[in-house]
Every structure is written in C-alpha cells, then in structure tokens.
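Scroll down for the structure; my scribbles are underneath it.
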Amino acid sequence: MQKVPIELVKPGMVLARPITNEAGMALCAEGTELSDTIIERLKRMNVSHVTLKGHPVDLGCETKTKEQKIEELKMRFSRVQDDPLMQKIQSAIESAILSLEAEKEAECATEGGRP
Amino acid sequence: MSTKVQHLKVLARKIQSLPTLPKVVEKLMTMVESPDVSPKDVGKLISSDQVLGARVLKLVNSPFYGFPGRISSISHAIILLGFNVIKGVVLSASVFDLMERTMVGLWEHSLGAAIVSGTISRTLGLSEPEEISTAALLHDIGKVLVRVSLTADYDKIVDVVNAKQISFREAEIEILGVDHSEIGQWLSREWNLPEKLAIPIAGHHDPDAAVRFKDRVAVVHIADAIVRACGIGNGGDPWVGQISHKAWDTIGMDNVDLPKLMKRIMDDLEEVEMYQQGPVE
C-alpha cells in the first residue's frame, strides 16, 4: 500500500483505500482500477492523494527502513525503559513493526513493485 | 483553596473569552439536555451550518466509528451513535477546526488516540466503544485552549520543552501551574460536556485517582501512551509516558495477546494518514 500524489497516478493502478468526498462517503471503491477518465475526474474534485495497492511509484527515499523505525521506537521509550510493563509494550510494537515490514516486502515481491 | 484552583482562576481571568463556538454548537449543547429532543431536530440544527455538517459527517464516517462511508445523514448518525458521541464529534469538529492548520500534529495525535481507544475497547468487549473513542478524541482539548487563548504562554511552554528536554505536561505545570488535563476539566464544565466524556479528559494523566468511569479513564490513558509509542502525531514532546500498572490491570490488559493487539493497532493507525486525504483541505 502506498499513498501517492494524484499527479503521479497512471491508468491501471489500483486503489487500496476508497476515496471519499467531504462528507466521508465513498466516491470510488477500494479495488477500483483507475482509468484516465477517473484520474481526470479526481483531479477536478481536488483530490490531492490516493492510496494504491502495492508500491507502484518510486518516490525516492520516502520510506524509513525497519532499522530506522526501531531506533526511533527506542528513543520514544527512552524515559520508561526500566519499567517491565513498558518493556513488554515496546517489544510488542517492535514485533508488530517487523511483521508489517515483512508483509510489505512480500506484497512488493508478488506485485513486482519496487521495495 | 488549593493552589491548583487558584491557578485555574487566574487562567480563567486571563482567557478573556473562550474560543467562540459556532452558535449552532451552543444551541446544540442546551438542546441535547432536553429529554424530548428528537434525532431529527438535532440533525436539522447541525445541518443548518453546512461546513459543520460536512465535518461531522466526515468524522462519523471515519473508520474508527465502525460505519466507514455508510452514514449519509446526521440524524442517521445520531440514531447509530447516540447523542453523547454526536455532542463530542460536533465539539471536536469545531474546536479542531481551529487547530487543523496550526496544530496538525496534535490533531493526528487525537485522531490516533480515538482509533487506539476504539480498538482496545472492542478487543476487551467494553460497552459503548464509540463514546470512549470520542472521549479520546477530546482528551487534549486543554492543549488547544492554551494554544488558542493563551498564545504567549503556549510559546513559553514549547520553549521550555526544547530547552529543558522535559515533557510538555511538566512544562505546562512550570509555566501555568496546572496541566492540560485540569484545563480540560474546567473547559468541560464550561461547555457542559457529559461526564462520560469529561471524566476521561480530566483523568487521562492520573487514572489511579478516578472514582467513576475507571474503565474509560484507563483506556484513554493507555491509548494516549500507545499512540505516542507508535510514533503517530505529536503530543507536544516525543516521549512515551509511564502507563499506570493499576489502569492496565483495571481493564484486564494482561489477558490480551499484546503483539497481536499492537499489530492491529498499527494497521488501524494507517487510517489517520488516510483520513487526511479527502478533498476537504
């Protein structure tokens, strides 16, 4: 899943999340394959970003590595690291980060997206 | 008289006027107190302010209320979610309007806390998870008041956080003599918020002191720490605070598969980012 500015969206890309109007009602369902017409219409409705399946657009170094994420996690917990409950929570989040990263890698591999 | 009460009195005098709530919101606050008000009347009132109406619909259609993209009218939302939730949502829609531009980090922190509270409440099978989410959405409302009405003090607090590397709350106490939960408590009273929302707002940093609605206070307290732990939004400083062991035990968090819960929470928290992507600026 990747959030992408509308300018970079190309026909054939698939929505991972629905697009909603100002009242939160869905305009375009999850799973929709975007066409030129739909993209043009979204631009006219001032939709700025869409969330796509896989990782179809290379935005450069926009994502943090899992090592960076875990380093930041450690920093956030730095003031409570002596407490056993907080240690338990930290390690639960660490394992969640790792498992989400693994899913993302698998998703990229099967859809041929760039990591 | 305790010094805290004195501090609050000084602040109240300094805050010449509360951030002005739209007329509609004031009317609504008195209206929902009446025993024979109908969802239709309230829906009509909220919809009479088009911008507010749209914001309320956007919030109730957000994924953390469990009916994403399916609520088409405000009276429908009231029937599904109840008056307390609508009251909280209307308040946050108008209050957070003030901060969406200037305090995006706090808005994301608040949305995140609402999502985490909903996930925890549903996992534990607590009653009225929507109300608990709404209390979490409003838990830092005291910070908004300081930002909007005591701007000079707010800037000082930010400076102290940076200079001394202390938490935002410690800096508030140093500058104001009270923290945002006490300011939030005072504000809840001024705005006649229902106790189910007011008590968690007041108690989210001191859940052990809660006498009533202990479960709700505990959930909001824990959600506040977890949303920080996951690195979502900005609560004023980057550190995760100590979670009360008593609050953890009160709601039976030890019986939960923690790694599984955290994974679900991190999945759900992606919604915070997604929530911002609609055409409304």
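This is a predicted model, so every value here is computed, not measured.
- Judged purely by distance below 3.5 Å, without hydrogens or angles, the side chains of B:H221 and B:H139 never pair a donor atom with an acceptor atom.
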- Message: Between B:D208 and B:K246, does the salt bridge (Lys or Arg N to Asp or Glu O under 4.0 Å) criterion hold? Intermediate values first, please.
- Response: CA-CA 7 Å; B:D208 298 356; B:K246 204 173 151 196; 5.2 Å; no
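- B:K143 and B:D140 are joined by a salt bridge, as a carboxylate oxygen and a charged side-chain nitrogen come within less than 4.0 angstrom of each other.
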Validation: residues 222-239 of chain B side-chain donor-acceptor distances under 3.5 Å, sequence neighbours left out:
unit_1	atom_1	unit_2	atom_2	d
B:D224	OD1	B:H109	NE2	2.9
B:R228	NH1	B:D237	O	3.2
B:R228	NH1	B:D237	OD1	2.8
B:R228	NH1	B:W239	O	2.8
B:R228	NH2	B:G235	O	3.2
B:N234	OD1	B:G236	N	2.7
B:D237	OD1	B:W239	N	3.1
B:D237	OD2	B:F168	N	2.7

- Just do the salt bridge (Lys or Arg N to Asp or Glu O under 4.0 Å) check on A:E7 and A:K43 with the steps written out, would you? CA-CA 8 Å; A:E7 293 76 27; A:K43 282 182 187 163; over 6 Å; no
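- Taking 4.5 Å as the heavy-atom cut-off, the residues of residues 258-266 of chain B that approach chain A are B:L258, B:P259, B:M262, B:K263, B:M266, ordered by number.
- Side-chain contact of B:E170 with B:S167: a donor-acceptor pair under 3.5 Å is present, judged by distance alone.
- With respect to A:K10 and A:D36, no salt bridge is recorded, no charged nitrogen being found less than 4.0 Å from a carboxylate O.
- Of the possible donor and acceptor atoms, one in the side chain of B:E172 sits under 3.5 Å from a partner among the backbone N and O of B:H180.
- For A:I93, the parts lying under 4.5 angstrom from a heavy atom of chain B are both the backbone and the side chain.
- For A:E101, the salt bridge (charged side-chain N to carboxylate O under 4.0 Å, His left out) partners are A:K69, not counting sequence neighbours.
- The choice from A:S78, A:S95, A:A96, A:A92 that makes the most heavy-atom pairs within less than 4.5 Å of chain B is A:A92.
- Ion pairing between B:K164 and B:E174 holds under the 4.0 Å rule for side-chain N and carboxylate O.
- Contacts of residues 71-78 of chain B with chain A at a heavy-atom distance below 4.5 Å involve B:I71, B:S72, listed in sequence order.
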